[in-house]
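A short worksheet on the structure shown next.
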Amino acid sequence: YAPWCPACQQIELTWESFAKESEHLDITVGKVDVSQEPGLSGRFFVTTLPTIYHAKDGVFRRYRGSRTLEDLQGYVLERKWEAVEPVAGWKSPSSIMMHGMAGLFHLSGWIRQIHNYLTGTLGFHVWISYAVFVVVTLLIGLTLGL
C-alpha cells in the first residue's frame with residue numbers, strides 16, 4: 001500500500017479488521033508502505049496498489065478477489081488460495097531475478113535522494129542535476145566498456 005493511494009485508503013478499515021481477526025484465522029496479516037520500502041515493491045513486482053499476497057510455506061499467490069472482510073476471511077477459511085496458481089518461480093519474491101529487481105528499486109531511491117540533495121540542499125537548478133547524472137552515466141559506461 002501507499003498512504004497517498006486512494007484505493008489503499010478505501011480498503012484500510014477493512015484491512016485493519018482483517019488483521020484483528022488474524023489470530024482466529026491462524027494467520028499473520030501485515031502491510032508494507034511501498035514508498036518506505038521500495039526494495040520490497042521491486043521484489044514483489046508491485047504494479048498496482050493495493051496489492052495483496054498470500055504466502056504459505058514459501059509459496060506466494062497474488063490475491064485478486066473482492067476486498068470485503070467476508071471475502072478476505074473466506075479466502076483463508078475456505079482455503080480458496082489452493083485454487084490460485086502460485087507466482088511463477090522466476091517471479092517469486094525469493095528468486096534471484098526479483099532480488100535484482102529489488103536492487104534496481106533501491107538504486108532508483110538513491111538516485112532520487114541524490115537529485116533532491118543537489119536541487120534542494122545545494123540549490124542547483126534541476127537541469128544541472130540532470131547533467132550530473134548524464135555525465136556519471138557516460139563515465140560509468142565508458143569505464144565498464146574499457
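Numbers for residues simply follow the sequence, beginning at 1.
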### Message
Hydrophobic clusters here meaning ILVMFWY residues chained together by side-chain heavy-atom distances under 4.5 Å, can you tell me if V135 and I140 are in one?
### Response
no
### Task
Starting at CD1 of I111, measure out to CG of N116 and round the result to the nearest 0.5 Å.
12.0 Å
### Query
Hey, what do you get for CZ (F124) to NE2 (H115), rounding to the nearest 0.5 Å?
12.5 Å
### Task
Decide whether W110 and L118 are clustered together by the hydrophobic rule: side chain heavy atoms of Ile, Leu, Val, Met, Phe, Trp, Tyr closer than 4.5 Å, transitively.
yes
### Minimum heavy-atom distance between A2 and D33, given as atom pair plus value
CA-OD1, 3.9 Å
### Task
Check T137 against F133 and note the closest heavy-atom contact, atom names and distance.
OG1-O, 2.7 Å
### Task
Answer whether the closest heavy-atom distance between the side chains of Y1 and V34 falls below 4.5 Å.
no
### With sequence neighbours excluded, residues passing side-chain contact (heavy atoms from CB on, under 4.5 Å) with E12
E16, K31
### Message
So which atom in T48 and which in R62 form the shortest heavy-atom distance, rounded to 0.1 Å?
### Response
OG1-NH2, 2.9 Å
### Non-neighbouring partners of T14 that pass side-chain hydrogen bond (donor to acceptor under 3.5 Å, both in side chains), sequence neighbours left out
none
### Query
Which heavy atom of E85 sits nearest a heavy atom of R61, and at what distance?
O-CG, 4.1 Å
### Message
Test of understanding: clusters of I, L, V, M, F, W, Y form through side-chain heavy atoms closer than 4.5 Å, transitively. Do V136 and I128 belong to the same one?
### Response
yes
### Task
Using a 4.5 Å cut-off on heavy atoms from C-beta on, say whether the side chain of Y53 contacts that of V32.
no
### Message
Other members of the hydrophobic cluster containing W15, with the 4.5 Å side-chain heavy-atom rule, please.
### Response
I11, F18, L25, I27, V29, I52, Y63, L69, L72, Y75, V76, L77, W81, V84
### Task
Could you grab the distance from atom SG of C8 to atom CZ of R67, nearest 0.5 Å is fine?
8.0 Å
### Connected via hydrophobic side-chain network under 4.5 Å: L122 and I114
yes
### Query
So how far is it from L49 CG to Q9 CD, rounded to the nearest 0.5 Å?
11.0 Å
